[in-house]
Amino acid sequence: MKAVGLYKYLPIDETDSLLDLEVERPNPTGKELLVSVKAIAVNPVDTKMRAPQDKVEKAPRILGWDAAGVVEAVGPDVTLFSQGDEVFYAGSFIDPGCNSEFHLVDERIVGGKPKCLDFAQAAALPLTSITAWEALFDRLGIDSGGSDRGRQLLIIGGAGGVGSIATQFAKQVAELTVTVTASRPESQAWCKELGADHVINHYLDIPEQMSQLGIAEYEFILCLNDTDKYWQTMAALIAPQGKICSIVETAAYVDLGTLKSKSATFVWEFMFTRSMYETDDMIEQHHLLNNVSDLVDAGTIRTTVNKVLEPISSKNLKAAHAEIENRHTTGKIVLQGWGS
C-alpha cells in the first residue's frame, strides 16, 4: 500500500524529510479497525515528531494523527463498527500514523463521520475537536449544557486548528463570552466568523485591550500558544478561583506559586493520554467524536478546514509541514486522495 513516511529526521526542505513509500498492508486484530484512508489533516504534532534529530529508523516511520475514511475490515473483538462504515478519528500517539492508504486504529477512539461532510472536511476535525472538548469540558470543567452561560473565557491562539474549534464549542455549545487572540487581519476575521465575541492582538498589551473591552478578568483561560511566554500574563488575568488549561509544553519550570493567592487551577490537556495509557475511560473519545458529528450534522458547528491539497503525497505533505512551521496557519490543512 502507499504511504508517506521517513527514515531520517530532517528539516522539511531536505529531499528525504518525507518520502513516498510502499509498505505492507496490516491486518486488524482485537478491537482494531482497518480503515481505508480517504483524507488526512496535518497538525503541529506532525512537525514536532519530524523535527531534526540524530536518529535513523530501520523501518519507515509513518506520521499523521487525523484521518477520515471507510472501514475496510474489523478485528474479532470489534462491536462498534462494521465494514463499510464511514469514520473519522485521530489515532494513537504510540502506533503508526495515518499517512497511509490503510490504517489500523482501536475502535474506542473512532467516531462516525458527520454525514453532511465529505472526507476532507471531516478529516480536519478529530484531533482538534478532542483536544478542545477535553480542555474546555473535562479539564476546565465548563458545563457543556450551558449552565456557565455568559462567563468569560480567553483563548490564547484562536485562529489555529484547536482555537478554531474551541471557539465554536465555547460559544455555540457552552454559550460563554469568548475572547480570542489573533494578530493578522485575516486571522482576526476568521475568529469572528467562528463566533468569537472579542478578538485581541497577542502582540500588543493584553490587559490594556481587556480594559478597553470592559473586561476585568477571565474565569477560564485556554492557552494554545507558548505557555512560557504567556504564563505571567495568564496568572495576572485569571480570576480568583479561576482555571487555566494549556496544551503547549513548557521549556522551563512553571511557577505555580503565582496562582496561590487566587486559589487558581492550572491543568494540562493532551488528547493522546487516554490511548497512550489505555485508560478505563478510553471509549469516551468514541462518544466525544460521535457527539461532535451530531453537532456538525445539526449545523451547530462547522468544519475548520481552510486548505485542501490533492493527492496525499510527500510533496504535498512537505508543503503542509512547511506552512505549519511558519506559524501562520488559519484553520486546518487537509490532504485527500492517493492519486493513480
Looking only at heavy atoms, the pair that brings P126 and L289 closest together is CA-CD2, 3.9 Å
Output for pair (K113 NZ, F119 CZ), nearest 0.5 Å, gives 5.5 Å
- Would you call R302 and E193 a salt bridge, taking side-chain N to carboxylate O under 4.0 Å as the test? yes
| query | Can you find a side-chain donor-acceptor pair between T250 and W231 that sits under 3.5 Å? | reply | no
Exercise for the section: Say whether, by atom type as modelled, one donor and one acceptor occur between the side chain of H286 and the main chain of G111 under 3.5 angstrom. Expected result: no
Value for CZ (R139) from OG (S246), rounded to nearest 0.5 Å, stands at 13.0 Å
Closest non-hydrogen atoms of I12 and L18, given as atom of the first, atom of the second and distance, are CD1-CD1, 4.0 Å
* Is there side-chain contact between V70 and E86, with at least one heavy-atom pair below 4.5 Å? -> yes
Subject >> K171/D197 ion pair, N-O < 4.0 Å >> reply: yes
Query raised in the report: Yes or no on side chain to side chain contact (heavy atoms under 4.5 Å, CB included) for K243 and V267, after CA distance, side-chain angles and deciding distance?
Result: CA-CA 8 Å; K243 296 180 180 180; V267 62; 6.0 Å; no
On a heavy-atom basis, the closest approach of Y7 and K58 is CE2-O, 3.7 Å
* To do: Ignoring hydrogens and angles, state whether a donor on the side chain of N291 or H287 is under 3.5 Å from an acceptor on the partner side chain.
  => no
* Find out whether L222 and E269 are in side-chain contact, i.e. whether some heavy atom of one side chain is under 4.5 Å from a heavy atom of the other. => no
Got K332 and L125 here, is their nearest side-chain heavy-atom distance under 4.5 Å?
no
Inset, instruction - For the pair L33 and V74, evaluate side chain to side chain contact (heavy atoms under 4.5 Å, CB included) and give the outcome as yes or no after the intermediate values. - result: CA-CA 5 Å; L33 308 176; V74 301; 3.9 Å; yes
- Would V162 and L288 show up in the same hydrophobic cluster when neighbours are defined by side-chain heavy atoms closer than 4.5 Å? yes
Indicate if W338 and L21 have the same hydrophobic cluster label, given that clusters are the connected sets of ILVMFWY residues with side-chain heavy-atom separations under 4.5 angstrom.
-> no
V173 vs F137, test: side chain to side chain contact (heavy atoms under 4.5 Å, CB included). Steps then yes/no.
CA-CA 10 Å; V173 177; F137 304 127; 4.1 Å; yes
What one should report as the nearest heavy-atom pair of S144 and W133 is CB-CZ2, 4.2 Å
Practice task
Report the C-alpha distance between E217 and K262 in whole Å, list the side-chain angles of each, state the deciding distance to 0.1 Å, and finish with yes or no for salt bridge (charged side-chain N to carboxylate O under 4.0 Å, His left out).
Solution key: CA-CA 12 Å; E217 59 195 12; K262 292 183 177 179; over 6 Å; no
**Message:** Please determine whether salt bridge (charged side-chain N to carboxylate O under 4.0 Å, His left out) holds for the pair D281 and R274, giving the CA-CA distance in whole Å, both sets of side-chain angles, and the decisive distance to 0.1 Å.
**Reply:** CA-CA 7 Å; D281 66 347; R274 282 171 162 144; 3.0 Å; yes
Give a yes or no on this: more than 12 heavy atoms of other residues, nucleotides or ligands lie within 6.0 Å of atom CD of Q241. no
Distance col, row L153:CG vs T167:OG1, nearest 0.5 angstrom, shows 8.0 Å
Check your understanding: When you look at NZ of K48, are more than 12 heavy atoms from neighbouring residues, nucleotides or ligands closer to it than 6.0 Å?
Key -> yes
Verify side chain to side chain contact (heavy atoms under 4.5 Å, CB included) between D148 and L176, making sure each step is shown before the conclusion.
CA-CA 7 Å; D148 288 315; L176 303 180; 3.9 Å; yes
Shortest non-hydrogen pair, N99 vs G64, comes out as OD1-CA, 3.5 Å
- Carboxylate-amine/guanidinium proximity below 4.0 Å for R25 and E72: yes
Value for OG (S92) from CD1 (I109), rounded to nearest 0.5 Å, stands at 5.5 Å
Assess, by modelled atom type and distance only, whether the side chains of T29 and E32 contain a donor and an acceptor separated by less than 3.5 Å.
yes
The single option from D226, T227, T233, N225 that satisfies side-chain contact (heavy atoms from CB on, under 4.5 Å) with K229 is D226
query: Counting only heavy atoms not in Q53, do more than 12 sit closer than 6.0 Å to its CD atom?
result: yes
Taken to the nearest 0.5 Å, the spacing of F272 CZ from Q285 CD works out to 9.0 Å
Smallest heavy-atom separation, C191 atom then V199 atom, equals CB-CG2, 4.0 Å
Exercise. Taking N326 for its side chain and E323 for its backbone only, find out whether a donor-acceptor pair lies under 3.5 Å.
Key: no
Would you mind checking if K8 and E14 are paired as a salt bridge, meaning a charged N to carboxylate O distance below 4.0 Å? no
dist R149:CZ -> I142:CD1 (nearest 0.5 Å) comes out at 14.0 Å
